[in-house]
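The block underneath contains the structure these notes are about, expressed in structure tokens.
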Amino acid sequence: MTTPMIQFSEDQAEAWDAVASALEAAGVDILEGSMTPESGSNRVLSVIGKAGSGKTLLLAELYKALEAAGVDLVSGDFEGKRRREKRTLAILAPTNKAASVLRSRGVPATTIHRILYTPVYDPEYERIAEWLTGQGERPKPELLIEMGLTEATLDRAKAFYDLHKSIPAALASAGLRGSDFINGWKRREDPLDIGFVDEASMLDERQFDDLREIFPTLVLFGDPAQLAPVNQSGEMVFERLPDERKHILHRIHRQAEDNPILDLAHMLGDESVTFEQFEREIEKAAAKDDRVVWAERVESDLMARSPVLVWRNATRIRLIHAFRAAHSAPADMMLPGEPLICDGIELPVKHRKKRIDLEARGLIKGAQVIYLGPGKKPGFSRLHVMGAEDPRLSAASIVKIEMPDEEEPFIPFAARMGATFLHGAAVTIHKAQGSQWEDVQVFAPDIYAAYRAGRVEAGIPLWKRLAYVAITRAQHRLLWVVRARLARPSAPLTIDDLPKGGGKLELKAEPQDG
């Protein structure tokens, strides 16, 4: 079996061939560009490797080959009538941030939640969606007039869709809001076809079971050196697959060349390296390359969009308190531009649809959010969900600000139910998995505390797993912070840097519904 024009390393070529063979057995021949109907049998395999080993490159090339073979992409935005002769692919990530990282590299990824829950379109707008996706005829002018659209706005939506492959964003470009064309969300009942899952180290057993139920052919892409999900004994779901289904990528030195952050990450794989030796190497790297910084203090300017990564909750809470104090944030209110982390959704069972609405728009546990200001109703907040394709919404919110040395968090304002949030100026390294930022600050005293604790997870010292995950979150620059100091902000908090995205959807979880 041959590989595409790009020059793969030997281990990448082996993984490519293994995935291609599984796809061929499922009825999709990416070499010949031919397809047959689904075979019905189940296949799960994994492609695993550390940072810089080429997992994303391989995933992107497989996507291109499947697209060239005529496989349709399922994004979770809209699905028309399924035809048996057509084959489909969904590219998934556990979080919005992880999905946005893939999208920034040309891979049209969506979140697992957006595949588990599908939108219910208004029938009139469904006709437009079917036309945009090539499954129906162009809507008649009289229908457009009824919907308040023109031929020009429809052409604009088509041009947008052809470029970005997003139905909601295309309709938003025509001046529509999500609430105009989406009536709600429902749990997926019918299975799909081929699924690629990035950041598979974050999958827990329940998610893995859901995915196996939906996708007859499932390929997991993951990093075995990251932190396993909490309460999973340090083991990742792909590690329990038979050896013949695990395809390991080793570091590709030519891709990692001249990347000091990756060099530091792979140094942690050396069993003999101690914390002190590792810090000396960071100092050396910082002296030679401005992409590594030996920082004497935390930069508060970065914390609004790129949280400080820590191990201990006590450190996280103190850094958040210091950040708010530096910005003179009142104790009883939030400032526009403050970062939040979604901590879940508190809604009774009878409001299941509202929960689905919130989750489908990106408010899943661990989502990074920016506070834009109060909503029109008491307890509501206007929010920007980082990494979401349609990022702006208004939702009933419960904001908890934890205080140093106090068990109970301070709640500046809250609805009686809705999405719950913690402050996001600092986060634990566990919660940072799957995300990447241009600049990342790692609080080194916490890594040293893990080193002194002597804990081991799945045979690897915990401090090395923590350091590896933390530093590989940096896309361009790593700041290794060695002192518990905070630099004063150079400017007030702002929201002017945030893209507005598509149409705004008001998510009505009324505070009085109790």
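The analysis underlying the following values was restricted to heavy atoms, covering all of them including side chains, and did not include hydrogens, waters or symmetry mates. In this chain, numbering begins with 1 at the start of the sequence shown.
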(request) Return yes if some donor-acceptor pair links the side-chain N/O of Gln433 with the main-chain N/O of Val469 below 3.5 Å, else return no. (result) no
(request) Measure the shortest side-chain to side-chain distance between Ile182 and Asp122 over non-hydrogen atoms and say whether it is less than 4.5 angstrom. (result) no
(message) Looking at Glu67 and Lys64, is any side-chain nitrogen of the basic one under 4.0 Å from a carboxylate oxygen of the acidic one?
(response) no
(request) Answer yes or no: is there a donor N or O on one side and an acceptor on the other, between the side chain of Ser201 and the main chain of Ala228, under 3.5 Å? (result) no
(request) Taking only Lys NZ, Arg NE, NH1 and NH2, and the carboxylate oxygens of Asp or Glu, determine whether Lys158 and Asp155 approach each other closer than 4.0 Å. (result) no
(message) As an exercise, state the distance from OG1 of Thr95 to CE of Met386, rounded to the nearest 0.5 Å.
(response) 12.0 Å
(request) For Glu239 and Met236, indicate whether the former's side chain and the latter's backbone hold a donor-acceptor pair under 3.5 Å. (result) yes
(request) Determine the minimum heavy-atom distance between Leu192 and Pro216, stating which atoms define it. (result) O-CD, 3.4 Å
(request) Using ring pair (Phe, Tyr, Trp, His ring centres under 6.0 Å) as the criterion, list what pairs up with Tyr63, not counting sequence neighbours. (result) none
(request) Please step through side chain to side chain contact (heavy atoms under 4.5 Å, CB included) for the pair Val369 and Leu363, ending with a clear verdict. (result) CA-CA 8 Å; Val369 177; Leu363 284 182; 3.8 Å; yes
(request) Report, as yes or no, whether the 6.0 Å neighbourhood of atom CD on Glu438 holds more than 12 heavy atoms from other residues, nucleotides or ligands. (result) yes
(message) Using only atom types and a distance under 3.5 Å, with no angle test, would you say the side chain of Thr110 pairs donor to acceptor with the backbone of Ser75?
(response) yes
(request) Please confirm whether the backbone N or O of Ala395 pairs with a side-chain atom of Ser397, one donor and one acceptor, at under 3.5 Å? (result) yes
(request) Could you tell me which residues satisfy ring pair (Phe, Tyr, Trp, His ring centres under 6.0 Å) with Tyr468, sequence neighbours excluded, listed by chain and number? (result) none
(request) Return yes if some donor-acceptor pair links the side-chain N/O of Arg465 with the main-chain N/O of Gln226 below 3.5 Å, else return no. (result) yes
(message) Please determine whether a side-chain nitrogen of the Lys or Arg among Asp193 and Arg87 lies less than 4.0 Å from a carboxylate oxygen of the Asp or Glu.
(response) yes
(message) Can you confirm whether the side chains of Trp437 and Gln368 place a donor and an acceptor under 3.5 Å from each other?
(response) yes
(message) Once you measure the plane-to-plane angle for Phe196 and Phe221, does it fall in the parallel (<30°), tilted (30-60°) or perpendicular (>60°) bin?
(response) perpendicular
(message) Please report the interatomic distance NZ(Lys97) to CD(Gln436), rounded to the nearest 0.5 Å.
(response) 8.0 Å
(message) If you count heavy atoms of other groups shown closer than 6.0 angstrom to CD of Glu142, is the number above 12?
(response) yes
(message) Less than 4.5 Å apart, side chain to side chain, heavy atoms only: is that true for Arg473 and Leu309?
(response) yes
(message) Less than 4.5 Å apart, side chain to side chain, heavy atoms only: is that true for Phe8 and Glu61?
(response) yes
(request) Considering only NZ, NE, NH1 and NH2 on the basic side and carboxylate oxygens on the acidic side, decide whether Lys365 and Asp343 come within less than 4.0 Å. (result) yes
(request) For residues Ile495 and Tyr371, report the shortest heavy-atom separation together with the two atoms involved. (result) CG2-O, 4.0 Å
(request) Might you work through the side chain to side chain contact (heavy atoms under 4.5 Å, CB included) test for Leu144 and Thr153, ending with a clear yes or no? (result) CA-CA 10 Å; Leu144 295 179; Thr153 56; over 6 Å; no
(message) Does this structure show an ion pair linking Glu137 with Arg127, if we count only N-O contacts that are shorter than 4.0 Å?
(response) no
(message) Looking at Arg105 and Asp198, is any side-chain nitrogen of the basic one under 4.0 Å from a carboxylate oxygen of the acidic one?
(response) no
(message) Tell me whether the NZ or CZ atom of Lys377 lies within the 45° cone about the ring axis of Phe380 and under 6.0 Å from its centre.
(response) yes
(message) Tell me the closest heavy-atom pair linking Ala15 and Leu249, and the distance in Å.
(response) CB-CD2, 4.1 Å
(request) Determine yes or no for a side-chain-to-main-chain donor-acceptor pair under 3.5 angstrom, with Asn96 supplying the side chain and Ala388 the backbone. (result) no
(request) Could you tell me the separation between the CD1 atom of Ile48 and the CG atom of Leu220, rounded to the nearest 0.5 Å? (result) 10.0 Å
(message) If the test is side chain to side chain contact (heavy atoms under 4.5 Å, CB included), which one of Thr118, Leu89, Ile115, Ile194 qualifies with Val74?
(response) Ile115
(request) Any chance you could measure Leu340, atom CG, to Ile401, atom CD1, to the nearest 0.5 Å? (result) 8.0 Å
(request) Looking only at non-hydrogen atoms, find the nearest pair between Gly375 and Ser394 and report the distance. (result) CA-OG, 4.3 Å
(message) Would the distance check show the side chain of Lys55 and the main-chain N or O of Gly49 forming a donor-acceptor pair, the cut-off being under 3.5 Å?
(response) yes
(message) So does Asp439 get a backbone contact from the side chain of Ser306, meaning a donor-acceptor N/O pair under 3.5 Å?
(response) yes
(request) Begin with the C-alpha distance, continue with both residues' side-chain angles, and end with the deciding distance and a verdict on salt bridge (Lys or Arg N to Asp or Glu O under 4.0 Å) for Asp209 and Arg206. (result) CA-CA 5 Å; Asp209 289 342; Arg206 182 176 178 181; over 6 Å; no
(request) Examine distances only and state if a side-chain atom of Arg103 and a backbone atom of Ala109 form a donor-acceptor pair shorter than 3.5 Å. (result) yes
What pairs of donor and acceptor atoms, side-chain ones from residues 26-35 against any protein atom, are under 3.5 angstrom apart with sequence neighbours left out?
unit_1 : atom_1 : unit_2 : atom_2 : d
Asp29  : OD1    : Leu31  : N      : 2.9
Asp29  : OD1    : Glu32  : N      : 3.0

(message) Under a 3.5 Å cutoff, is there a donor and acceptor pairing between the side chains of Glu402 and His423?
(response) no
(request) For residues Leu241 and Lys246, report the shortest heavy-atom separation together with the two atoms involved. (result) O-CE, 3.3 Å
(request) Mind listing the closest non-hydrogen atom pair of Ala304 and Ile370 along with its distance? (result) O-CD1, 3.7 Å
(request) Is it possible for you to check whether Arg212 lies under 6.0 Å from the centre of the six-membered ring of Phe208, through NZ or CZ, and within 45° of that ring's axis? (result) yes
(message) Could you go through Arg138 and Glu151, starting from their C-alpha distance and side-chain angles, then the distance that decides it, and tell me whether this counts as salt bridge (Lys or Arg N to Asp or Glu O under 4.0 Å)?
(response) CA-CA 10 Å; Arg138 183 184 177 100; Glu151 297 283 355; 2.6 Å; yes
(request) To the nearest 0.5 Å, tell me how far Leu203 CG sits from Ile112 CD1. (result) 5.0 Å
(request) Please examine the side chains of Trp131 and Leu154, heavy atoms only from C-beta on, and report whether any two atoms are closer than 4.5 Å. (result) yes
(message) Salt bridge check, Arg188 against Asp210: does any charged N sit closer than 4.0 Å to a carboxylate O?
(response) no
(request) Give the C-alpha distance, both sets of side-chain angles, the deciding distance and a yes or no for side chain to side chain contact (heavy atoms under 4.5 Å, CB included) between Tyr121 and Ile167. (result) CA-CA 11 Å; Tyr121 275 68; Ile167 294 291; 3.2 Å; yes
(message) Can you tell me if Glu244 has over 12 outside heavy atoms packed within less than 6.0 Å of its CD?
(response) yes
(request) Calculate, to the nearest 0.5 Å, the distance between atoms OG and CZ belonging to Ser21 and Arg43 respectively. (result) 11.0 Å
(message) The test is side-chain hydrogen bond (donor to acceptor under 3.5 Å, both in side chains); show your working for Glu14 and His247 and say whether it passes.
(response) CA-CA 8 Å; Glu14 184 277 330; His247 304 281; 2.9 Å; yes
